[in-house]
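Here the structure is laid out as structure tokens; the discussion comes afterwards.
Letters A, B, ... mirror the listed sequences (proteins, then strands); counts begin at 1. Just so it is clear, the structure is predicted and the values come from calculations on it, not from any experiment. Hydrogens, waters and symmetry mates play no part in the numbers below; they use all other heavy atoms, side chains included.
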Protein chains: 2
Amino acid sequence: MNKATFYEKNKTIRVGEVEAVAPGPGEVEVQIAYAGICGTDLHIYHGKMDWRVAESQIMGHEVSGTVKAIGEGVEGIAVGQPVTVMPLAPCGKCPACKAGHSHICYNLKFLGIDTQGGFQSTWTVPAYTIFPLPADLSLKRAALVEPLAVACHDVRLGGVKAGDFVVVLGGGPIGTLVGLVAQHTGATVLVSEINPLRVEIGKGLGLDVVNPNDVDLPAWVEERTEGAGADVVFEVTAHPAGAEMMTKLLRTRGLAVVVGIFSDPLKVDLFRFFWRELQLRGARVYEREDFAAAIALAASDALPLDGIISAVYPLERLIEGLHQLEAGGDVMKVLIQCS
Amino acid sequence: MNKATFYEKNKTIRVGEVEAVAPGPGEVEVQIAYAGICGTDLHIYHGKMDWRVAESQIMGHEVSGTVKAIGEGVEGIAVGQPVTVMPLAPCGKCPACKAGHSHICYNLKFLGIDTQGGFQSTWTVPAYTIFPLPADLSLKRAALVEPLAVACHDVRLGGVKAGDFVVVLGGGPIGTLVGLVAQHTGATVLVSEINPLRVEIGKGLGLDVVNPNDVDLPAWVEERTEGAGADVVFEVTAHPAGAEMMTKLLRTRGLAVVVGIFSDPLKVDLFRFFWRELQLRGARVYEREDFAAAIALAASDALPLDGIISAVYPLERLIEGLHQLEAGGDVMKVLIQCS
């Protein structure tokens, strides 16, 4: 039996047991070491995705662990191998998959949301989602690979290059990782974050962070870029204020990358897009190359990733991690030790 | 003395005379043959740009003609040479100019709007705005080069290539030209236009035109693209319905090119940009290469350009052309014969 946590609706997390899933053909059972709590898990906990998740949903999709068992026909993966999971199961048949964009498949199953997830002792997943980890990468840090892959995807789609001036709107876990990856690429990075405690965390990680309630951000960026504006702005707030701000900061033909999930259509200054020939693109999850890049980055010691981890709780105390994130404040990423 | 027409505010056009401007150093005086009426001229006539235009403004910036006189220091231009004018005067010093985007200069002067324009017998302009015309290009058709250059710019920034499925929202003069240029590039083009008379004009020019009031456009595009969606959508309506429609038509990572001038921020579905990793870019006026491409296209007989010309009036009857455009209906481009 696996130890597991279940989301039972109404902001209720139940700790219990569940039958471990023996890996079928093409599957791998992973002994989960650590699983990070994602903003989406908090969203589920808040009841916002009850239409989508299962009864007694096991959440969690940012995992690290070791291979426990291997199903029929799986090759190139050894028991005991440290691994992480890219939690996307595309259909392979829709127009997005056919166009080579299987990460945004029309019928995408997100493992741990549309299937049972990783907040349990072992997690059985398709073998194609498994990424082996280098032996010298700690499993704690490896639990950050999934959100780091989001940042690698965003920065890649943003076309960020050395010498660029980049602004990241929103200094939560994803915004902070986007800032760190962009900075590692050689860009000058400014992070905008309204939570004073997160401003301090970001600064502690070596980022230049400002609070847009304290400074005139467009004037600040204009001054720093000799009137030109930013090359790339990452919108990671999912707040109307961010959507309004992004167009004010960009140079002619600059690019806004929309990472934040805006649930409703909202006002965007299309005139500014026309006037300055601005560009925008959405960026969602990651592709295999982003996962590979994230693993290499995590193993390289180039980024202060351990500083992103605010707390580690045992599986039984998942609810405390959710409460800590709910309260906000002095917190970035909370990991759950699953076995 | 030049014959000229003056915009005297309050929807008043005065026909009169004005001193011809002798070309100073670096300037060229062009004997204007034809000048097209732009939507912007109609906008000025409606009083929407009174804050910007001069007292007794001479409008007109879509011109063809022959060189009448040449100022000091101008080389490579001969009297009698047929020419057109790219009516942009950038400052050369601002961040946009320094970045190589002088066509969207921060301090751009648009000739004929921010300076006196081409609805007169001769027009004196900077020599660098002059583009010589091939001898076999009629001056009537050459008056379409400026709007055709807009279309060439839009299609180029849209990255349209052979085999693409392209939708153009708005079948007025610019949308029609965008559709024709995209079709010439080898794309399959669908134009969406609500004015039934313009639907017929577009069809007569060899375009596939539908009225979105008669068909379910997203379903239509989905069916035509086997569920994938359009590669590129050109938003040329500047109407909220167009901004809403564009995101519904695009394939994963498809591109919306914003050509229409939206005066106010309006609702855009940023979730769809995120979900399908859509892209957007604004496209404004043209660059030198677009003007060169437009001249070559106009001279090539590849496009049914003469069919865009709905009427030609002598200079004294500019007001009739404005009224015809104001009334809408069965009209595309109206030319004014200036001398």
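Of the listed residues (A/V257, A/D264, A/D269, A/L255), the one with the most heavy-atom contacts under 4.5 Å to chain B is A/D269. Interface summary for chain B: among A/A96, A/G227, A/S263, the most heavy-atom pairs under 4.5 angstrom belong to A/G227. Contact count against chain B (heavy-atom pairs under 4.5 Å) is highest for A/Y106 among A/Y106, A/F271, A/F273. By number of non-hydrogen pairs under 4.5 angstrom with chain B, the leading residue of A/V285, A/V259, A/V258, A/I261 is A/I261. If you tally non-hydrogen atom pairs under 4.5 Å between each of B/R251, B/H103, B/R253, B/R272 and chain A, the highest count goes to B/R253. Most heavy-atom pairs under 4.5 Å with chain A, from the set B/E244, B/R284, B/R281: that is B/R284.
With contacts defined as side-chain heavy-atom distances shorter than 4.5 Å, the pair A/E226/B/K98 does not qualify. By the 4.5 Å heavy-atom criterion applied to side chains, A/R276 and B/H101 are not counted as neighbours.
With values rounded to the nearest 0.5 angstrom, B/E277 atom CD is found 3.5 Å from A/H153 atom NE2.
In this structure, B/P95 and A/A228 approach most closely via the heavy-atom pair CB-CA, 3.6 Å.
Interface remark: A/L278 contributes backbone atoms only to the contact with chain B (heavy atom separation under 4.5 Å).
Within a 6.0 Å sphere centred on CG of B/L42, heavy atoms belonging to other residues, nucleotides or ligands number more than 12.
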